[in-house]
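Residue numbers start from 1 in every chain, and the chains themselves are labelled A, B, ... in the order their sequence lines are given, proteins ahead of strands.
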2 protein chains.
Amino acid sequence: MAVSKNGIGRQSMADRVKHELLGRIMDGRMAPGARIVELQIAEEMQTSQGPVREALRELEAMDLIVTEPYKGTRVREVTPKEIEDAYDVRAALELLAAQLAAKHFKGNVEDLRKAAHAVLTAAKRKDARAYGTYDVRFHRMIVEAANNRALLRSWEALAYELRIATRLGKGHVDLMAAQDVHWHLIDELEKGNGKAAGRMLAENVVTAFHQHS
Amino acid sequence: MAVSKNGIGRQSMADRVKHELLGRIMDGRMAPGARIVELQIAEEMQTSQGPVREALRELEAMDLIVTEPYKGTRVREVTPKEIEDAYDVRAALELLAAQLAAKHFKGNVEDLRKAAHAVLTAAKRKDARAYGTYDVRFHRMIVEAANNRALLRSWEALAYELRIATRLGKGHVDLMAAQDVHWHLIDELEKGNGKAAGRMLAENVVTAFHQHS
DNA sequence: TTGCTGCTTTTTGTATGCAAATTCCGACAT
DNA sequence: ATGTCGGAATTTGCATACAAAAAGCAGCAA
């Protein structure tokens with residue numbers, strides 16, 4: 001299912017521009033502060049100004065870029081405090097997520113164990129990039145299992161700050177530190193103990209932050 | 001300060017369209033499911049299609065409207081479960097907000113008391129509309145005092161669902177029910193007791209939901 | 001050197017025109 | 001009556017053209 005969300009591979013130009021820019025911003029090819037000029041992007045993507053402007057408006061609503069009238073648009077810069085703020089919110093959201101997801105996972109944690117295993121092997125290999133990918137996937141599984149649309153939306157809205165954080169914290173983080181918590185967390189979820197699972201997950205998030213700070 | 005956020009009263013056409021549509025959606029003049037056609041809005045607002053499309057893209061990113069390619073855009077419909085979901089997230093966010101805001105309010109709750117008083121008098125008058133306005137303002141004060149950008153953003157993203165909820169729950173709600181909690185909450189904040197304040201605020205939110213459900 | 005002045009260039013904001021896709025609706029056959 | 005087939009009308013998607021604002025720059029004066 002590599003095409004799009006609307007079934008057929010036909011997606012609007014504005015969407016393609018949006019995803020392209022989103023990719024560049026997320027993986028750092030466009031760093032915070034980088035200028036974005038509409039006609040330049042339009043030419044690169046073989047399109048015109050209109051679709052680019054639509055894409056920019058969307059990215060602006062996602063708080064990834066900032067626009068000043070008649071001055072231009074830039075990739076948003078994020079301060080260390082904003083990163084810490086985002087981690088606090090993430091912890092609060094995942095605290096709720098684990099509580100809500102407990103019902104879903106009770107006696108049904110096979111997939112979750114597999115995901116945690118992927119994180120573990122990446123940690124053993126000291127592969128920080130893979131670790132990041134699989135760890136996010138692990139957390140996302142729990143948030144999705146909570147089956148709460150608003151929760152998932154809020155959680156996803158924090159993605160940019162978290163990406164910046166992991167990019168900045170290149171300094172040797174202890175990838176094994178979170179492992180025990182993961183497995184105990186899964187045990188609690190398997191027992192349907194949402195409260196305890198929530199506390200563990202929130203704790204896991206704040207320690208992850210301290211590693212990157 | 002009725003003009004705009006960028007200082008001078010000169011704002012782009014796309015922004016004007018966005019705020020106009022936002023107003024219509026929020027106050028129910030455009031009900032969930034209502035169709036929005038680009039050229040029609042453009043004519044109403046004395047502008048062209050481009051700015052309208054930009055505004056729509058922004059509202060789409062805010063999850064207020066849904067667009068299907070070549071089919072059109074409509075005001076998003078929200079299910080009762082989505083409303084409940086939003087209240088759960090709101091409770092989780094305000095639980096955090098109160099904890100973070102405790103430091104700010106410690107020994108400095110005058111403004112908060114005034115806001116709570118406005119809610120109280122509206123409740124005594126049985127003026128449900130004023131009650132809604134002032135109650136939101138009261139909660140917003142706490143979220144803003146938390147001084148956490150991501151938190152405020154997430155909280156504001158729930159506004160649509162909450163508006164729908166209060167519009168649906170026209171049935172005689174007990175406006176006095178939350179009063180005691182408000183004042184006790186303020187007392188705890190004044191003492192700097194964030195944990196207790198958070199629990200009270202979250203509890204306050206879920207009871208508010210049950211009134212509207 | 002410093003600071004102003006006016007022009008040129010760059011970039012954003014908006015309008016118009018047209019292509020692409022969908023929906024609507026009536027004619028016609030069964 | 002029902003269905004379905006084929007244009008016409010509507011609506012979205014995109015490209016081009018141009019206006020408006022800001023930024024940069026050269027030249028000149030103090």
> Taking only residues two or more places apart in sequence or in another chain, which ones pass side chain to side chain contact (heavy atoms under 4.5 Å, CB included) with B:R76?
Replying inline: A:R149, B:D63, B:V66, B:V78, B:E82, B:Y160, B:E161
> In chain order, what residues pass the ring pair (Phe, Tyr, Trp, His ring centres under 6.0 Å) check against A:F209, with sequence neighbours excluded?
Replying inline: A:Y87
> Taking only residues two or more places apart in sequence, or in another chain, which ones meet A:A159 in a side chain to side chain contact (heavy atoms under 4.5 Å, CB included)?
Replying inline: A:M26
> Taking only residues two or more places apart in sequence or in another chain, which ones pass ring pair (Phe, Tyr, Trp, His ring centres under 6.0 Å) with A:F138?
Replying inline: A:H182
> Quick one: what's the B/S/- string for nucleotides 5-15 of chain C, heavy-atom cutoff under 4.0 Å, read 5' to 3'?
Replying inline: ------SBBBB
For nucleotides 7-10 of chain D, which of its nitrogen or oxygen atoms have a protein nitrogen or oxygen under 3.5 Å away, and what is each distance?
none

> Tell me the ring-ring contact (aromatic ring centres under 6.0 Å, His included) pairs involving residues 96-117 of chain B, sequence neighbours left out?
Replying inline: none
> Can you name the ring pair (Phe, Tyr, Trp, His ring centres under 6.0 Å) partners of B:Y134, sequence neighbours left out?
Replying inline: none
> A:R153: what forms a side chain to side chain donor-acceptor pair (under 3.5 Å) with it, not counting sequence neighbours?
Replying inline: none
